[in-house]
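Each remark here refers to the structure printed beneath this line.
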Amino acid sequence: MTEELFSVETTYFADVILPVPIPRMFTYRVPRHFVNDIKTGARVIVEFGKNRVVTAVVGKIHTKPPEKYQAKYILELLDIDPLVTSSQLWLFEWIADYYMCSIGEVMNVAVPSGLKVSSQSRIQLNPDFDYPELLDAKEKDFLETLKTHTSLTYDDALKFVGEKNINPMIKSLISKHAIIMYEEVKEKYKPKIAKKVRLKRVYEGSEEVLNLVDSLTKSAKQQMVIMEYLKHIPIHDLSVRNTDGVDKSLFKEGETSDSALNTLINKGILEQFEVTVSRFGDDIPTEPLKIELTDAQQTASDAILKNFQEKDIVLLHGITGSGKTEIYIDLIQKVLEGGSQVLYLLPEIALTTQIVVRLKRVFGDKMGVYHSKFSDNERVEVWRGIIDGRYQFVVGVRSAIFLPMDNLGLVIIDEEHETSYKQFDPAPRYHARDVGIMLGLKQGAKILLGSATPSVESYYQAQTGKYGFVELHQRYGEAQLPDIMLVDLKAERKSKNMKNDFSSVLYNGIQNNLSNHEQTIIFQNRRGYSPYLNCQECGWVSECQQCAVSLTFHMQSKELRCHYCGHKEEVPRVCPVCGSGKIRTVGFGTEKLEDDLKIMFPEARVQRMDLDTTRTKNAYQNIIAEFEQGGTDILVGTQMISKGLDFDHVSLVGIFDADRMIHFPDFRASERAFQMLTQVSGRAGRRAKRGTVLIQTNNTEQTILQKVVVNDYAGFYQEEISERESYLYPPFARLISITIKHEEAEKAEKAAHWLANKLLEKLGKARVLGPEKALIERIRNKFLFDILIKLEKDKLNIKAAKAFLRETITELHQTKEHKEVDAVVDVDPV
Ligand code: ADP
Ligand code: ZN
Ligand code: ZN
């Protein structure tokens, strides 16, 4: 056909989202044979840059050719039914705009990599090549290998040649036109396959199968296999259930032998087949759970529904152990019955088996779980399960906001105050609570925020009437809030009562608990043995070479480790500066407390839960299970133990280092300290017996501590909100932080000053703070300078301010002197 013929018809273009940090979409031409099938939200494969093939998502289809370049064709269309819904596309754009990043960066974290297609270079013989005289011996050898294979991957080629670098040879072969390189594109997602066996159809009748058993009398082992099979699929059911067969692995466990099974298959009596199964299929079926709300819970639940009649967002302030989960379950059931979807967000660490098992017992396999420890294949199955309508309800961590739910009736954000809802790195630096709210609002869903210690921002919205507000001030059952006491470390030291870092009060409490067979939790929000080593002769301190922080001493692995860049080194025997052997540890982390406890209470079973002990997939669950079952007397841990865990027999919680939390140089320090102390305390006394919490401090007069002791959230809030108002911090202002990074301190500082000056020209002095050296002024060999922008909520057009900020950063990068620095923008930093 000629060009002429085509030109009367319309040419279609697609703007696609590519996984790159460039804040726009890219236009490609839609090949004629895809025109009828392509839709927005479908995945396509396109060429990007030179010889790079990537998966992209169609954002828009139109007829307008790009002005500045000739659009390339889309190479492949992967989905007939779009994988990304239009409401997701809307959300991705909103996130990119609000958090000042590219939509490609959003797409990159949103779509599980199992849904992205990988491309791999393959090498193939050029069928038209016939000049072997051009080749050297090595190349000839390689070509011989190629002849016996249709094609080879680069890695395979390496193996065959047996050399470290085959690039020169490959280049030479390409230039001689002996081989062809091409990109093979393949789906990464692999369905889970189960191997099964069943009887051949001719044996399906009861008479036939009995004859078969008879005929096998001489081969007892084969007979046993058939008998085993009939145990699972009884004779009278054969004709119905034989089609589904049984798992081949079933025969491995019994007394039947593998070889007998294979013989039967070879003889054509049994047949093998494969089926695709769900990765979530083998969850243990548990007894269904029926929830009956207590009166207080029922009142709260009713109040939430009443609030929802007028407001889209409701904050539930329910103390620890009040049974917020039960209220959620009640509401979820109602919404699901109405035919809408529900999304239930939990912070990473709170999403334990404890809660999943409880929810599974109510919702069964209607419920999907989305967790960061899931494999990519598992994520893809949840994603597809939502699109197929299998999961109406998903419980998940922050990235669950990216799932393709588009008929939401309710979004629950539990522990809404949790900072782990915020993604720090890489972009998009989004806050899942705030995105969850947007997502819900857009779909006309109701949004329920829950916490025992709400964030100041959310509480403010509830106080000013923007959010509905419901309180629950009673623990479930007979449980009472624990008795919280402050332990005066100064007095303890004075009277020489300290045992290591334990006050006598805490020491006796633990001793007591052990004799009563009750459990203790020890909280110290710092891992490792001690935060640094110090030479007593010359004052040397162990420091990271790449970061401006001390190296933490880890006893178990006998290492010094940087908690910022991961650098590790051996522990020096003598001081590297003066050679003295007098090196001591300073301060203490969870490892040291664990160690001390084991020495002080040799009969106690002590466990530790922190990042170092929970790296493997099930370690976290195992430690919790062990503690739940009473196999542990004392659990030492970091903030990991503060979140959403529910134990029956903890009657004592000991808290170290409260002072460090309170005095951290950040405007949110009080809020964090209050939340952390209250949450950790909340692990105590969840059943009939009232628990005790001991907080060790050098200053018992601190107001925050006083408020924690009497569980006075409202009082804490009053003080905090007035401070925030006078110093213009959230919720009265929006913050945007910009961090400028460079290997040379001077370059980073100069660029930061340039940027800050440009910004304050337009925004005014009061709105631009800094630049200042970052709290940790060097990380991974880069020097960091912070600029903080404060934008009052009602007086300023924040959208316009962000646009200006974008432009100014672009300008910075176009300035010759500053173009090498990184500028990291964080909207609403926490
Ligand atoms: P919160 O999340 O508010 O701290 P949870 O939802 O974890 O509280 O509830 C605390 C404990 O009380 C859990 O073990 C839970 O099973 C139990 N519980 C709360 N309400 C009920 C109820 N209505 N029926 C049965 N058990 C309940
Ligand atoms: Zn020294
Ligand atoms: Zn470091």
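One-based numbering, in listed order, for ligands and for the atoms of each. As the structure is a prediction and not an experimental result, all values here were calculated from the model.
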Output, in order, the C-alpha distance, side-chain angles, deciding distance and verdict of salt bridge (Lys or Arg N to Asp or Glu O under 4.0 Å) for R433 and D414.
CA-CA 9 Å; R433 175 194 60 213; D414 195 15; over 6 Å; no
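Atoms of ligand 1 found under 4.0 Å from any heavy atom of R358 (numbered from 1 in listed order, with element): 5 (P), 6 (O), 7 (O), 9 (O), 13 (C), 15 (C), 16 (O). Each of the following atoms of ligand 1 lies closer than 4.0 Å to a heavy atom of T325: 2 (O), 5 (P), 6 (O), 7 (O). Close approach of ligand 1 to I319 is summarised as follows: ligand atoms under 4.0 Å from at least one heavy atom of the residue are 3 (O). Residue contact check: E292 has heavy atoms under 4.0 Å from atoms 22 (C), 23 (N), 24 (N) of ligand 1. Within ligand 1, counting atoms from 1 as listed, the ones closer than 4.0 Å to a heavy atom of G323 are 1 (P), 3 (O), 5 (P), 6 (O), 8 (O), 9 (O), 19 (C).
Around NZ of K311, the count of heavy atoms belonging to other residues, nucleotides or ligands within 6.0 Å exceeds 12. Annotation for D295: atom CG does not count as buried by contact number, only 12 or fewer foreign heavy atoms lying within 6.0 Å. When the shell of 6.0 Å around CZ of F647 is examined, it contains more than 12 heavy atoms from other residues, nucleotides or ligands. When the shell of 6.0 Å around CD of Q474 is examined, it contains 12 or fewer heavy atoms from other residues, nucleotides or ligands.
Comparing heavy-atom distances from atom 25 (C) of ligand 1 across Y328, F647, Y476 singles out Y476 as nearest. Among L316, D330, D646, the residue whose heavy atom lies nearest to atom 13 (C) of ligand 1 is D646.
Ligand 1 does not have I327 within reach: every non-hydrogen atom of the residue lies 4.0 Å or more from it. For R475, the closest heavy-atom approach to ligand 1 does not fall below 4.0 Å. Ligand 1 lies nowhere less than 4.0 angstrom from a heavy atom belonging to G318.
For the pair G528 and T552, the tightest heavy-atom approach, listed with the atom from each and the gap, is CA-CG2, 3.9 Å.
For a distance bound of 2.8 Å, the N, O or S atoms of H567 include none lying that close to the Zn ion (ligand 3). Within the 2.8 Å limit, C565 places at least one N, O or S atom next to the Zn ion (ligand 3).
Between Y344 and Y328, the ring planes lie perpendicular to each other; the angle is over 60°, past the 30° to 60° tilted range.
Of the possible polar contacts, none joining the T632 side chain to the L635 backbone as a donor-acceptor pair under 3.5 Å is found.
Of the heavy atoms in Q297, only side-chain atoms (C-beta onward) come closer than 4.0 Å to ligand 1. Of all the heavy atoms of T320, the ones lying under 4.0 Å from any atom of ligand 1 belong exclusively to the backbone. Contacts between I291 and ligand 1 below 4.0 angstrom, taking non-hydrogen atoms only, are absent altogether.
One distance of note links SG of C544 with NE2 of H567; it measures 5.5 Å at 0.5 Å rounding.
Computed with the Zn ion (ligand 2) at the centre, the C578 SG to C575 SG angle is 110°, stated to 10 degrees.
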